[in-house]
Amino acid sequence: MRLLPEASWLQFNRRVLRQSERPDFPLLERLRFLAIWNRNLDEFFAARIAKIFLKGRGDAAHRALLEEAQAQCLYAAERYHALLQEAAPVLQVLSAEALDELDWMYFRVFLAEVVAPRTDLIPWEAVGDLSHGALYFASPKHLVRLPQDLPRLLPVPGREGTFVRLGALVRARSDLFLPEEAPLYEFRVLRLLESERARADWDELAQALEGRQEGVPTLLVAEEGFPEAWLEGLRRGLDLLPEEVFRLSPPLNLTLVEALVEAGPSGWRFPPLKPVRPKGFPKNPLARLREEDLLLFHPFEDYGAVERFAEAALRPEVEEVYATLYRIGEENPLAEALLEAARRGKRVHVLLEGRARFDELQNLRWYLRFLRAGVEVLPLSERKVHAKALLLLTREGGFAHLGTGNYNPQNGRLYTDFSLFTAREEVVRDVHAFFRAVRQGSFPDLALLRTGEAIRALLVESILAEAHPKGRVILKFNHLTDPEVLSALVEAAEAGARVDLLVRSTLTFLHPRFQAKSLVGRYLEHARVAAFRAGGAWKVYLTSADAMPRNFQNRFELLFPVLSKEARRKVLKVLKRQVRDDRNSFLLLPEGEKVLWGGRHDAQRPPG
């Protein structure tokens, strides 16, 4: 059975939403999944829906996506109210009518001095220019826009654990925001976020970001009870189809529950994870790697080891450093180590991918910091650089880190990813060749590693080699949509091979002989792995790439073999635990999904 990528991804987001039901998750963690789901859905209407919206808007496939998204929104509203009821009276969100005179003594001043001066009053004629994601109110003669940076959920002074929605306060005191008192109704608009992607250099990227336009509207979300004539005026002014209008009960953006998660008792959260630290590695990573490879599975094994490896760039024997950086966040110890290495006179070269969606401005800031510290920031290539590689070179040779995840300190402690550290000469040589080739704007010719369409070729060849009754394939990706890879998997499965697919988000073909599942739980499954039985001598590969045409055709990725026997056993143990998981799993079947919760096999627990 074939699925549209957009439909498959929406089904994944429903799985995210369903985490709010899990009886084995603490209350605040279930609330947190409402915020994750809402953030994902906003991104869907800002980016992921673009292809089908621009090419097939209004057709059956587009309408089916809208129907599923609306069903999720209605269900999320139910979960929000159910979880609030469960949290009471420790945590509660009051209506404006439930506030007493003392509460209003404070909030009247707050609205008048903090909110009203920063609120925009907009004529109805400007409806076509409304911004993506903002909270708006409609009145008979005006539209009102709240600033994006004001919290949507406000603590009530003197009442611990008690909050009120900013939107409810604004509606209760419309006289502070309108020339004359009138009823207010809430709504949001979602748009495609577009920019002209610069391919040549950072100056062009900056110009593209400066001129980035919010694209056409893709969705209007309005509260229940919104006057019909007003809603029709908004819809027509935004040039939306009737199906592109959702009616929901406020709040219209459930990311506000993060304030409740932060305020709630620690016993209502997951206990902190205590990751294992590799013995001897943090003190002297290079000495350890001269003896053997090291493979870590984050977050159960400390992501801080990656940062310690980067800090080894400051050691006297290291002369030159190369790194790929994609989404590295606002604060990053690894990046700071690279900056310090450059200040100390080391030759530091960084492939900083400026076009990481929605992280462009953050990466532009890092670009300027690197530039002014003496780091060589390699030119932006035609292809996006999505590989995860860090290389330290010495006179005698070098040391490499290759990973499946971004060099991001927060994600490194929340996402499941593999890190491989090695001093193997053949790996170091290939990683160095990769950086030299990308620096020169050419496509690398690598002996051991794979990039671009060579990744697809290796996957297809390895899958087809398992096309027999004793064959076995285990693939783990976030997205598996490539037609050639899927075709090879079908051939292998129909020849009798066991095909296990661990696909977190998007799987566009389901076959009765596939054993496919999606793991969704406390940690975001992010590792990409391919394993093949190969007659009993397992071949295991890790990669930065998802199995999607764009990753093979339009990106510089890296796929690398796990050469150490011990490391291979470790990866296979993780994969087989996930294949057996019946605590965080959804079986993906041609006839629909089957939930596996409450079993004995929890692959998101620290490995025993």
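Counting from 1, the numbers follow the sequence of the chain as shown.
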> Asn551 versus Asp482: any side-chain heavy-atom pair under 4.5 Å?
Replying inline: no

>> With rounding to the nearest 0.5 angstrom, report the OG to CH2 distance, Ser20 to Trp37.
In response: 10.0 Å

> Between Glu525 and Lys476, does at least one N-O distance fall below 4.0 Å, as a salt bridge requires?
Replying inline: yes

> Between Arg555 and Glu353, is the closest basic N to carboxylate O distance under 4.0 Å?
Replying inline: no

>> Quick test of your reading of the model: are Arg108 and Glu101 salt-bridged, counting only N-O distances below 4.0 Å?
In response: no

> Do Leu380 and Tyr367 come within less than 4.5 Å of each other through their side chains, counting heavy atoms only?
Replying inline: no

> Any side-chain heavy atom of Arg152 within less than 4.5 Å of one from Pro251?
Replying inline: no

> With a 4.5 Å heavy-atom cut-off, do Phe12 and Val503 have their side chains touching?
Replying inline: no

> Roughly how far apart are Phe110 CZ and Leu154 CG, rounded to 0.5 Å?
Replying inline: 5.0 Å

>> If we check side-chain contact (heavy atoms from CB on, under 4.5 Å) with Ile49, which of these qualifies: Arg57, His62, Glu6?
In response: His62

> So, are Glu43 and Arg39 salt-bridged, with charged N and O less than 4.0 Å apart?
Replying inline: no

>> Taking the basic N atoms (NZ, or NE/NH1/NH2) and the acidic carboxylate oxygens, is any pair closer than 4.0 Å for Asp103 and Arg159?
In response: yes

> Salt bridge check: are Glu593 and Arg14 linked by an N-O gap of less than 4.0 Å?
Replying inline: no

> Parallel, tilted or perpendicular: which fits the ring planes of Phe514 and His511, with parallel below 30° and perpendicular above 60°?
Replying inline: tilted

> Can Glu224 and Ser249 be counted as having a side-chain donor-acceptor contact under 3.5 angstrom?
Replying inline: no

> Looking at Leu176 and Ala116, what are the two nearest heavy atoms and their distance?
Replying inline: O-CB, 3.8 Å

> Where do Asn478 and Thr506 land on the side chain to side chain contact (heavy atoms under 4.5 Å, CB included) test, with the steps shown first?
Replying inline: CA-CA 7 Å; Asn478 304 326; Thr506 313; over 6 Å; no

>> Side chains of Asn40 and Asn13: any donor to acceptor distance under 3.5 Å?
In response: yes

>> Could you report the tightest heavy-atom contact between Thr404 and Arg528, atom names first, then the distance?
In response: O-NH1, 2.7 Å

> Would Glu232 and Arg236 count as a salt bridge (charged side-chain N to carboxylate O under 4.0 Å, His left out) if you check the C-alpha gap in whole Å, the side-chain angles of each, and the deciding distance to 0.1 Å?
Replying inline: CA-CA 6 Å; Glu232 184 65 9; Arg236 291 181 179 276; 2.8 Å; yes

>> Would you call the rings of Tyr136 and Phe187 parallel, tilted or perpendicular, taking 30° and 60° as the class edges?
In response: parallel

>> Ring of Phe25, cation from Arg522 - is the NZ or CZ under 6.0 Å from the centre and inside 45° of the axis?
In response: no

> Do the charged groups of Asp581 and Lys517 touch, with an N to O distance under 4.0 Å?
Replying inline: no

> Which value, rounded to the nearest 0.5 Å, describes the distance between Leu192 atom CG and Phe53 atom CZ?
Replying inline: 5.5 Å

>> If you compare all heavy atoms of Thr324 against all heavy atoms of Ala387, which two are closest, and at what distance to 0.1 Å?
In response: OG1-O, 2.7 Å

> Please walk me through it: do Arg247 and Glu228 pass salt bridge (charged side-chain N to carboxylate O under 4.0 Å, His left out)?
Replying inline: CA-CA 11 Å; Arg247 294 173 182 261; Glu228 193 66 41; 2.5 Å; yes

> Taking all non-hydrogen atoms of both residues, which atom of Leu41 and which atom of Ala69 are closest, and how far apart?
Replying inline: CD1-CB, 4.3 Å

>> Quick check for you: to the nearest 0.5 Å, what is the distance between Glu78 atom CD and Leu83 atom CG?
In response: 11.5 Å

> Is NZ or CZ of Arg18 both nearer than 6.0 Å to the six-membered ring centre of Trp597 and within 45° of the ring axis?
Replying inline: yes

> So do Arg22 and Asn584 actually touch side chain to side chain, heavy atoms under 4.5 Å?
Replying inline: yes

